[in-house]
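Okay, so here's the structure we're looking at.
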Amino acid sequence: MMKKLSRRDFLQAGAAAGAFATVGSAPIGSEAVARAQLLPASPALAGWFDRPMRWVQLTLVENDPGRFDPRFWLDYFRRLHADAATLSAGGIVAYYPTKIHLHHRSDWLGDTDPFGTLVTGCRAMGMHVVARTDPHAVREDVRAAHPDWISVAGNGEPRRHWANRDLWVTCALGPYNFDFMNDVHREIVAAYAVDAIFANRWAPQGGDCYCVHCRENFKAATGRELPATTDRTDPRRREFLEWRKTRLTELWKRWDATIRNVRAEACFIPNGPPDMKTAGDLAPIQFADYQARRGVTPPWANGRRAKEFRAVMGRRPVGGIFSVGLEEPYRWKDSVQSEPEVRLWVAEGTANGMRPWVTKFSGVLYDRRWLPVVERIYDWHFKHERYLRNEAPLARVALLHSEQTEAYHPGAAPADRAADHVLGMYHALVESRIPFELVHEAFLTPERLDAFKLLILADAAALSDDQCRAIRDYVARGGSLLATFASSLYDETGRRRADFGLADVFGVSFSGRIDGPMQNSYLSLDADPATGRRHAILDGLEDAPRIVNGVFRIDVRPAQAFPSPVTLIPSYPDLPMEDVYPRVVRTETRELYLRDLGRSRVVYIPWDIDRTFWDVMCVDHLRLLRNAVAWAANEPPPASVDGPGVVDVAVWRQRDSMTVHLVNLTNPMMMKGPLREAIPVGPLRVRIRLPNGAQARKVQLLTAGTTARASAAGGALEVAVPSVEVHEVVAVDF
Ligand SMILES: [Zn+2]
């Protein structure tokens, strides 16, 4: 329970806020920011979708009926304070007495209705109910009756299920989904009046489909045969992928219309949209199905997924699906993960604006260790719900999410991967404790962009002319830009331009040459010859005459005069040791281009600082990136954190409060889970800038359950956080 606020603490907090209330902010004020980000894209926040804060999913296995105990699960949902449940209904197996021919009833169903039993139980607790279907596989009787419903591989053979040879993989884009599953969805909504249908694995599975319907539909749409190539730089591959996206969008709209026709307030929710833009256009609610990490993956990957969804969903709700087991390629679906790992994964999602959705397979439990873990997480969430009902993020830095770069840009050179640039930049921002958001390339409107003081392009290589224009206009309106490497050097189809689409903004042009991979190259850190002083972008590197270079660089020609804090020392031999000395000691080639345009500042870095950072994690590169962000943003951040450790920081506005989330990533298992134990960090000092006009009435640490020691310092609210185990939230009531 939360401790009572002492009078002294209250006065301290109040005084701090009073002192801060009149402190102004950046040209684009946080209050305007909050308002801008409140504007939801269509469809609006109507309906039930925004009400549930905590979700549960129970996926039944075929022999559950008659063996599992629905009362146990309903009681568990109640203890979790769950507001909504997603329950197995139909598709591969029907868990209700379906009347649709070929819709396979569980062999264990008898005359029972386990789906209906759970729906009734959830309703009795006031929960919303979503029916889960899975259309990706069928039995032999379906294949025999409708051979054309089955996915066809490149060799012309019908596709058997990779994990269960008794099943066949369905064609996702043909009549099985468009007609048969459409009937199934209609039947479920009509019989149970559910709030939505959630379809798992509804997009093509197991590889491209060459069935008669896909061939005919592709030909009708494009006039061509289905291409055999999987080379994403081939325009025919792009045409196929765009067609598949369109077809999936049609399927989404068809199922959605059928469902709404039966029940106006219900809808279809895909597990994974055709692409993020379509989710932004169509979805009232979305769920990120990223159940746990595997391999070398930092915990912030779940927060990143949350940001990707919110970049297109805005204020609309996003659920974070997490599992309680090991998510490894070996597919131990009945396993149980360590408690600190589950807690950290969920904390990253919550801190970054997702609502928790625990998913469990099998109504019969073999290992119950996860039950109290999830109960503790949900109990915390329930207790602090009012501080988790976010209205808008208050971050002032945004990183561009470019799906078209991911899809159509394989890299500027062999062994260069655009995805690694983004990972490196993301990690650097987290390590620098900079609160930031993602913005999506399809929504570069002033309403979205102007919430931010700084936009970052981490090798956002593939940008259309329109997208370049939107970014150019943003800079003209006073926004700052930090861009690396091949940003805007390619168009939206992945075709290389003669020059950067943003050459005029960067102030440099592409010379036509890309160098790398480079060995043993360096960067000279130089003072301004006129003043003898070093640029602020080199802060913290005072004693370093040079640092290591990246691995790839884009050769550019400056179109104007630039300061020259960082210049190239070209590669020189790294063996034999007798040969290892610089052949060229000094060049005039800048490797950092800084433009100060008054309100906006532009940083262009022509080498792969972010990719190399992800590759080798050089602390000098981190320092340079951190300084570049600070110089370009040119304003104090909404929250900053002093103290030891790696802490992911997120800042939010609620209706009558704001919160600063601190997620402690400091752990020897940070880059590869699972965590063995949570290792607390602290004390931390958090400095918070309140939105204009806001006054702090009360400052709490939600996890500690205490009132915080808060004081006014330098125009900000300074809060002492003694220790963070996994997740702490500083909550400031206005
Ligand atoms: Zn097909």
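No experiment lies behind these values; they were computed from the predicted model shown.
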Item checked: Charged N-O contact under 4.0 Å between Asp289 and Arg201 -> no
Next item on the list: Classify the ring geometry between Phe72 and Tyr76 as parallel (under 30°), tilted (30 to 60°) or perpendicular (over 60°).
Entry: parallel
Notebook entry, point to check: Does Arg123 count as lying over the ring of Tyr192, i.e. NZ or CZ under 6.0 Å from the six-ring centre, within 45 degrees of the axis?
Noted result: no
Note to self: Could you tell me if Thr258 and Asn261 have a donor-acceptor pair between their side chains, going purely by distance under 3.5 Å?
What the structure shows: no
Next item on the list: State whether Arg236 and Asp231 are salt-bridged, where the test is any N-O pair (Lys NZ or Arg NE/NH1/NH2 against Asp/Glu carboxylate O) under 4.0 Å.
Entry: no
Next item on the list: Please lay out, stage by stage, how Lys277 and Asp275 fare under the test salt bridge (charged side-chain N to carboxylate O under 4.0 Å, His left out).
Entry: CA-CA 6 Å; Lys277 179 183 183 301; Asp275 66 352; over 6 Å; no
Notebook entry, point to check: When you check the gap from the basic side-chain N to the acidic O, do Lys253 and Glu250 get nearer than 4.0 Å?
Noted result: no
Margin query: According to ring-ring contact (aromatic ring centres under 6.0 Å, His included), who are the partners of His161, at least two apart in sequence or on a separate chain?
Written below: His136
Checklist line | Over 12 non-hydrogen atoms of neighbours within 6.0 angstrom of NZ in Lys333 | finding: yes
Note to self: Checking Trp149 against His213 for the side-chain hydrogen bond (donor to acceptor under 3.5 Å, both in side chains) test, could you report, in this order, the C-alpha distance in whole Å, the side-chain angles of both residues, the deciding distance, and whether it holds?
What the structure shows: CA-CA 9 Å; Trp149 287 3; His213 301 292; 5.7 Å; no
Notebook entry, point to check: Does Asp141 pair with Arg139 as a salt bridge, N-O distance under 4.0 Å?
Noted result: no
Check: Between Trp48 and Pro52, what is the shortest heavy-atom contact and its length?
Finding: O-CD, 3.2 Å
Next item on the list: Give, for atom CG of Leu60 and atom CZ of Arg132, the distance between the pair rounded to the nearest 0.5 Å.
Entry: 9.5 Å
Notebook entry, point to check: Hey, are Glu216 and Lys219 close enough for a salt bridge, meaning a charged N less than 4.0 Å from a carboxylate O?
Noted result: no
Next item on the list: Answer yes or no: is there an ion pair linking Asp208 with Arg237, defined by an N-O contact shorter than 4.0 Å?
Entry: yes
Item checked: Arg495, CZ: over 12 other non-hydrogen atoms inside 6.0 angstrom -> no
Check: Going from CD1 on Ile197 to CZ on Arg263, what distance comes out if it is rounded to the nearest 0.5 angstrom?
Finding: 11.0 Å
Notebook entry, point to check: Hey, would you say the Trp614 and Tyr426 ring centroids sit under 6.0 Å apart?
Noted result: no
Notebook entry, point to check: Considering all heavy atoms of both residues, which atom of Ser362 and which atom of Val364 are nearest to each other, and what is their separation?
Noted result: OG-O, 2.7 Å
Notebook entry, point to check: Is the shortest distance from a Lys or Arg side-chain nitrogen in Arg343 or Glu348 to a carboxylate oxygen in the other one below 4.0 Å?
Noted result: no
Checklist line | Derivation and outcome, side-chain hydrogen bond (donor to acceptor under 3.5 Å, both in side chains), residues Thr98 and Glu187 | finding: CA-CA 8 Å; Thr98 177; Glu187 181 183 67; 2.6 Å; yes
Notebook entry, point to check: Please, which pairs that meet side chain to side chain donor-acceptor pair (under 3.5 Å) have at least one residue in residues 164-175, sequence neighbours excluded?
Noted result: Glu140-Trp168
Margin query: Would the distance check show the side chain of Arg159 and the main-chain N or O of Gly206 forming a donor-acceptor pair, the cut-off being under 3.5 Å?
Written below: yes
Next item on the list: Looking only at non-hydrogen atoms, find the nearest pair between Phe49 and Cys267 and report the distance.
Entry: CE2-SG, 3.4 Å
Check: With under 30° as parallel and over 60° as perpendicular, where do the rings of Trp202 and Phe268 fit, or are they tilted in between?
Finding: perpendicular
Notebook entry, point to check: Below 4.5 Å, heavy atoms only, C-beta onward: do Trp255 and Asn182 meet side chain to side chain?
Noted result: yes
Notebook entry, point to check: So does Asp183 pair up with Arg186, basic N to acidic O under 4.0 Å?
Noted result: yes
Next item on the list: Please state whether the rings of Phe180 and Tyr176 are parallel, tilted or perpendicular, taking 30° and 60° as the class boundaries.
Entry: parallel
Run the side-chain donor-acceptor check on residues 406-417: report pairs under 3.5 Å with partners two or more places apart or on a different chain.
from: Glu406; atom 1: OE2; to: His401; atom 2: NE2; distance (Å): 3.2
from: Tyr408; atom 1: OH; to: Glu242; atom 2: OE2; distance (Å): 2.6
from: Asp416; atom 1: OD1; to: His421; atom 2: NE2; distance (Å): 2.7
from: Asp416; atom 1: OD2; to: Ala412; atom 2: N; distance (Å): 2.8
from: Arg417; atom 1: NE; to: Asp420; atom 2: OD2; distance (Å): 3.3
from: Arg417; atom 1: NH2; to: Asp420; atom 2: OD1; distance (Å): 2.6

Next item on the list: Measure across Pro298 and Trp345 and return the closest heavy-atom pair with its distance rounded to 0.1 Å.
Entry: O-CZ3, 4.3 Å
Margin query: Using 0.5 Å steps for rounding, measure from the CG atom of Leu371 to the CG atom of Leu80.
Written below: 8.5 Å
Item checked: Nearest heavy-atom neighbours spanning Ile285 and Phe287 -> CD1-CZ, 3.6 Å
Notebook entry, point to check: Can you name the closest pair of heavy atoms from Pro135 and Asn177 and give their distance?
Noted result: CB-OD1, 3.3 Å
